[in-house]
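What follows is a short report on a single structure.
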Amino acid sequence: MRKKFVAGNWKMYCGDPAKAVELAKGVVASVGSQAAVEAAVCPPATALAAVVTACAGSQVGVGGQNLYPKDEGAFTGELSAPFLKALGCRYVILGHSERRTYFKEDDAFINLKVKAALTADLVPIFCCGETEQEREQGITEKVVEAQVRGGLAGLDVEQLGKVVVAYEPVWAIGTGKNATPEDAQAVHAFIRGLLGSLASASVAESIRIQYGGSVKPDNAATLLSQKDIDGALVGGASLKADSFAAIIQAAGG
Ligand code: 13P
């Protein structure tokens with residue numbers, strides 16, 4: 001039985017540590033003691049340390065939004081997986097479509113990041129998803145398959161078992177448009193089948209696959225009731241403690 005996992009991707013919002021702590025404390029107050037649903041917040045790097053402190057002793061974990069796949073070195077402006085780990089992070093979001101689009105991250109680079117995260121004992125939240133044009137062309141599965149095969153290449157079965165996958169159709173991110181629960185479920189089932197061929201059927205059964213893209217308190221329950229939807233990666237609605245808590249409650253928390 002997979003435990004549902006809801007994570008908030010704060011993106012480039014709430015980077016002021018004081019504001020971030022206020023939001024994190026609101027999340028902790030609402031859901032920080034429940035253990036039925038795994039919950040995490042992923043603030044900007046500037047607020048990570050303060051948010052780790054605010055969430056300490058609660059059930060709310062903290063994640064980074066990116067990393068650079070070297071432990072240290074002359075890479076001005078970058079953060080490594082060991083740095084995130086030392087700060088107290090448990091997770092890191094990798095391969096988000098915003099990074100693929102705006103920062104031209106390709107599958108091979110994302111693959112290095114996934115491996116760096118696993119080496120540092122961070123849980124990668126590995127994102128994949130098609131654009132609207134790709135969906136209209138009927139190539140959603142082909143695109144998602146290439147992203148999953150490329151991004152998770154070279155991982156052994158044990159490492160694959162530690163990954164969380166987030167299916168985020170690009171056209172549903174920040175747009176208020178949702179995939180229908182049935183359409184989302186179909187892609188999730190496809191991804192699970194693919195993970196089965198990369199790892200094993202039993203490992204694939206244990207991997208959480210989150211849905212992301214305009215998840216709100218009013219649509220979360222239907223999406224999360226689908227067989228292969230194991231949680232949510234939430235953008236906008238994670239920036240208010242009450243709406244994020246409502247999504248966690250919809251997931252069973
Ligand atoms: P929204 O929930 O704002 O659509 O963002 C989804 C997302 O990109 C999470 O990573």
Side-chain angles (χ1 to χ4, degrees), residues 4-15 20 23 27 37-45 47-48 51 60-67 84 89-103 105 110 113-114 117 122-132 134-135 140 143-144 147-148 151 163-181 183-184 187-188 191 208-224 226 229-251:
K4 294 250 191 311
F5 176 31
V6 176
N9 176 6
W10 294 3
K11 307 193 178 182
M12 204 171 78
Y13 296 101
C14 244
L23 175 54
V27 173
V37 172
E38 196 168 317
V41 292
C42 303
L48 274 173
V51 169
V60 181
V62 180
Q65 296 180 12
N66 185 32
L67 59 74
L84 292 174
C89 289
R90 208 179 293 160
Y91 311 94
V92 61
I93 299 169
L94 297 174
H96 193 282
S97 62
E98 286 149 17
R99 295 214 59 90
R100 291 177 189 265
T101 305
Y102 303 132
F103 304 99
E105 292 192 5
I110 294 162
K113 294 183 180 211
V114 170
L122 290 167
V123 173
I125 301 177
F126 167 77
C127 305
C128 58
E130 81 288 2
T131 63
E132 186 154 39
E134 288 161 347
R135 176 158 283 260
T140 295
V143 169
V144 170
Q147 291 172 339
V148 171
V163 171
V164 171
V165 177
Y167 168 59
E168 299 203 306
V170 179
W171 47 272
I173 295 176
T175 57
K177 286 189 210 169
N178 269 128
T180 64
D183 283 348
V187 181
H188 281 237
I191 293 171
R208 271 88 58 84
I209 308 176
Q210 299 174 317
Y211 173 78
S214 299
V215 177
K216 310 285 176 205
D218 62 357
N219 60 27
T222 357
L223 284 161
L224 288 161
Q226 299 295 311
I229 301 187
D230 308 314
L233 186 55
V234 185
S238 71
L239 294 171
K240 292 223 162 66
D242 56 355
S243 53
F244 188 55
I247 293 169
I248 291 168
Q249 269 146 25

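Atoms within a ligand are numbered from 1 in the order they appear, just like the ligands themselves. The chain is numbered in sequence order, starting from 1.
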Q: Check the pair Ile110, Phe126 against side chain to side chain contact (heavy atoms under 4.5 Å, CB included), reporting the backbone distance first and the verdict last.
A: CA-CA 9 Å; Ile110 294 162; Phe126 167 77; 3.8 Å; yes
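In this structure, Glu98 and Phe103 have side chains that are not in contact, with every pair of non-hydrogen atoms separated by 4.5 Å or more. You'll find the side chain of Cys89 reaches within 4.5 Å of the side chain of Leu122, heavy atoms only. A heavy-atom distance below 4.5 Å is found between the side chains of Pro43 and Val62. Using a 4.5 Å heavy-atom threshold, the side chains of Thr175 and Glu132 count as separate.
The shortest non-hydrogen separation linking Gly63 to Leu48 is O-CD2, 3.5 Å.
Nearest to atom 5 (O) of ligand 1 among the protein's heavy atoms is Lys11 NZ, 3.3 Å. The single protein non-hydrogen atom nearest to atom 2 (O) of ligand 1 is Gly235 N, 2.9 Å, given as residue, atom name and distance. Looking from atom 9 (C) of ligand 1 to the surrounding protein, the closest heavy atom is Glu168 OE2, 2.8 Å. The protein atom (non-hydrogen) at minimum distance from atom 3 (O) of ligand 1 is Gly236 N, 2.8 Å.
Residue contacts with ligand 1, taken as heavy atom pairs separated by less than 4.0 Å, involve Asn9 solely via side-chain atoms from C-beta onward. When heavy-atom distances to ligand 1 are checked against a 4.0 Å cut-off, Ala172 comes that close only through its backbone atoms N, CA, C and O.
Counting only N and O atoms by type, the side chains of Glu168 and His96 include a donor and acceptor under 3.5 Å apart.
The shortest separation from a heavy atom of Gly174 to ligand 1 is under 4.0 Å, placing the residue in contact. Contact analysis puts Gly213 in contact with ligand 1, with a non-hydrogen atom separation below 4.0 angstrom.
Set against the non-hydrogen atoms of Ser214, the atoms of ligand 1 under 4.0 Å away are 1 (P), 2 (O), 4 (O).
Remark: Lys240 NZ is loosely packed, at most 12 non-hydrogen atoms of other residues, nucleotides or ligands lying under 6.0 Å away.
Considering backbone and side-chain N/O atoms, Ile173 never comes within less than 3.5 Å of an N/O atom of ligand 1. For ligand 1, none of its N or O atoms has an N or O atom of Lys216 under 3.5 Å away. Residue His96 has at least one nitrogen or oxygen atom sitting less than 3.5 Å from a nitrogen or oxygen atom of ligand 1, judged on distance alone.
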